[in-house]
K.L.:
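I am attaching a structure below and will ask some questions about it afterwards.
Residue indices begin at 1 and follow the sequence shown.
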Amino acid sequence: MADILEYTIDRAVDVGNRLKEGQVGIFPCDTIYGLCGTADEKIAERLYEIKRRPQSKSFITLMTLDQVVENGFSVPDDILSRWPAALTAIVFGPDGKNHAIRVPADSFVQDVLAISGPIFSTSVNFSGEKSLLTFDDILPVFSDSVDFIVNAPLIKGGMASTLVDATSSPYKVLRQGSYII
């Protein structure tokens, strides 16, 4: 059974530490709730299993602006200048491959990232199904699959981030979300 944590700024430190220790959790990610864990392959395997998602589909990586720069991602200046925002961009990573990254605007998530480092995030649902948008919907479905869930009672629903492919010019909007391009 997952630990239930309250959505307070003090809890961001706890969430960041839990992620850093290898736990997987669910918490609001400035757009909708996210199923999250640190950005490493072992954690990715667990996220794929929980979500029942094919490994051919990658996850969004959430980072601070400093982490984007430190990790060597090729992000166009006009995307960098829009962050932090509910804008996910597909960009080239230092490995030459495409990566979907976002710098969230939410202060809770920023505080988590400062402790945990970059994290993988994906919508809270089983692959191919509708996203679960509230704590009350998430709890009965995922409480036995994750280590913790953050209860944010004031967060109801929401819209996913806008997704753009910034690997070519002009950019292609792949999903119009809460950030207006």
Side-chain angles (χ1 to χ4, degrees), residues 19 24-39 43-65 67-69 71 73-110 112-113 116 118-135 137-138 141-142 145-146 149-150 152 154-181:
L19 293 171
V24 169
I26 295 172
F27 55 92
C29 290
D30 88 330
T31 52
I32 60 176
Y33 275 87
L35 171 62
C36 302
T38 53
I43 298 298
E45 288 176 25
R46 185 163 175 215
L47 293 172
Y48 281 118
E49 182 180 310
I50 291 168
K51 192 167 171 85
R52 303 177 189 161
R53 182 177 182 150
Q55 291 194 10
S56 59
K57 291 184 168 186
S58 59
F59 299 115
I60 292 171
T61 304
L62 302 181
M63 295 184 243
T64 65
L65 273 173
Q67 291 165 349
V68 170
V69 174
N71 284 287
F73 287 91
S74 273
V75 181
D77 288 341
D78 62 330
I79 298 286
L80 276 174
S81 69
R82 295 170 193 247
W83 280 337
L87 174 64
T88 301
I90 298 173
V91 298
F92 292 113
D95 57 2
K97 297 179 182 177
N98 292 351
H99 296 266
I101 62 175
R102 183 170 88 238
V103 177
D106 183 84
S107 61
F108 181 89
V109 181
Q110 285 282 326
V112 167
L113 290 167
S116 68
I119 59 174
F120 288 139
S121 180
T122 183
S123 57
V124 183
N125 61 320
F126 296 119
S127 189
E129 295 182 8
K130 186 177 170 184
S131 296
L132 301 176
L133 301 176
T134 67
F135 174 81
D137 291 337
I138 293 166
V141 178
F142 286 94
S145 302
V146 297
I149 301 173
V150 174
L154 298 178
I155 296 177
K156 306 278 188 220
M159 184 182 288
S161 64
T162 297
L163 176 63
V164 297
D165 183 345
T167 61
S168 62
S169 185
Y171 306 149
K172 295 178 193 154
V173 176
L174 304 176
R175 176 182 68 212
Q176 182 60 59
S178 59
Y179 186 87
I180 305 300
I181 299 279

K.L.:
Can you tell me how far the SG atom of C36 sits from the CD1 atom of I60, to the nearest 0.5 Å?
P.N.:
10.0 Å
K.L.:
Check whether any side-chain N or O of Y171 sits under 3.5 Å from a backbone N or O of A89 as a donor-acceptor pair, and report yes or no.
P.N.:
no
K.L.:
Would you indicate whether the side-chain heavy atoms of L132 and I26 approach each other to under 4.5 Å?
P.N.:
no
K.L.:
Of all heavy-atom pairs between F59 and T122, which one has the smallest distance, and what is that distance?
P.N.:
CD2-CB, 3.6 Å
K.L.:
Tell me whether the rings of F73 and H99 are parallel (<30°), tilted (30 to 60°) or perpendicular (>60°).
P.N.:
perpendicular
K.L.:
Could you go through V112 and L62, starting from their C-alpha distance and side-chain angles, then the distance that decides it, and tell me whether this counts as side-chain contact (heavy atoms from CB on, under 4.5 Å)?
P.N.:
CA-CA 10 Å; V112 167; L62 302 181; over 6 Å; no
K.L.:
Tell me whether R175 contacts the main-chain N or O of S161 through its side chain, where contact means a donor paired with an acceptor under 3.5 Å.
P.N.:
yes
K.L.:
For the residue pair I43 and V24, establish whether any side-chain heavy-atom pair is separated by less than 4.5 Å.
P.N.:
yes
K.L.:
Between N71 and Q67 (side chain of the first, backbone of the second, donor and acceptor by atom type, cut-off under 3.5 Å), is there such a pair?
P.N.:
yes
K.L.:
Heavy atoms only: give me the nearest L113-P118 pair and the separation to one decimal.
P.N.:
CD2-CA, 4.3 Å
K.L.:
Between N98 and I90, is there a donor-acceptor pair closer than 3.5 Å when you use the side chain of the first and the backbone of the second?
P.N.:
no
K.L.:
Show the nearest heavy-atom pair for residues V141 and F126, with the distance to one decimal.
P.N.:
CG1-CE1, 3.6 Å
K.L.:
Grab the two heavy atoms, one from S116 and one from L19, that are nearest each other, plus how far apart they are.
P.N.:
CB-CB, 3.9 Å
K.L.:
Hey, what do you get for CD1 (I138) to CG (N125), rounding to the nearest 0.5 Å?
P.N.:
9.5 Å
K.L.:
Is it the case that atom CG in D77 sees more than 12 heavy atoms from other parts of the structure closer than 6.0 Å?
P.N.:
no
K.L.:
For the residue pair Y179 and A86, what are the closest heavy atoms and their distance?
P.N.:
CB-O, 3.1 Å
K.L.:
Starting at CH2 of W83, measure out to CE of M63 and round the result to the nearest 0.5 Å.
P.N.:
7.5 Å
K.L.:
Quick one: does D106's side chain get under 4.5 Å of F27's, heavy atoms only?
P.N.:
no
K.L.:
Side-chain donor-acceptor pair under 3.5 Å between S123 and K51, yes or no?
P.N.:
yes
K.L.:
Let me confirm one number: the CD1-CG distance from I32 to L133, rounded to the nearest 0.5 Å.
P.N.:
6.0 Å
K.L.:
I'd like to know if the side chain of Q110 reaches the main chain of P104, judged simply by a donor and an acceptor atom lying under 3.5 Å from each other, with no hydrogens or angles considered.
P.N.:
yes
K.L.:
Identify the heavy atoms of Q176 and T162 that sit nearest to each other, and give their distance.
P.N.:
NE2-OG1, 3.3 Å
K.L.:
Find the distance between OG (S131) and CG (L35) and round it off to the nearest 0.5 Å.
P.N.:
11.0 Å
K.L.:
Please answer whether the main-chain N or O of S58 pairs with a side-chain N or O of R53 as donor and acceptor at a distance below 3.5 Å.
P.N.:
yes
K.L.:
How long is the straight-line distance from CG of D30 back to OG of S178, given to the nearest 0.5 Å?
P.N.:
7.0 Å
K.L.:
Can the ring centroids of F135 and F142 be said to lie less than 6.0 angstrom from one another?
P.N.:
no
K.L.:
Is it true that a side-chain atom of Y48 and a backbone atom of K57 form a donor plus acceptor pair closer than 3.5 Å?
P.N.:
yes
K.L.:
Other residues, nucleotides and ligands only: do more than 12 of their heavy atoms fall within 6.0 Å of CD on E49?
P.N.:
no
K.L.:
Any side-chain heavy atom of V91 sitting closer than 4.5 Å to one from P76?
P.N.:
yes
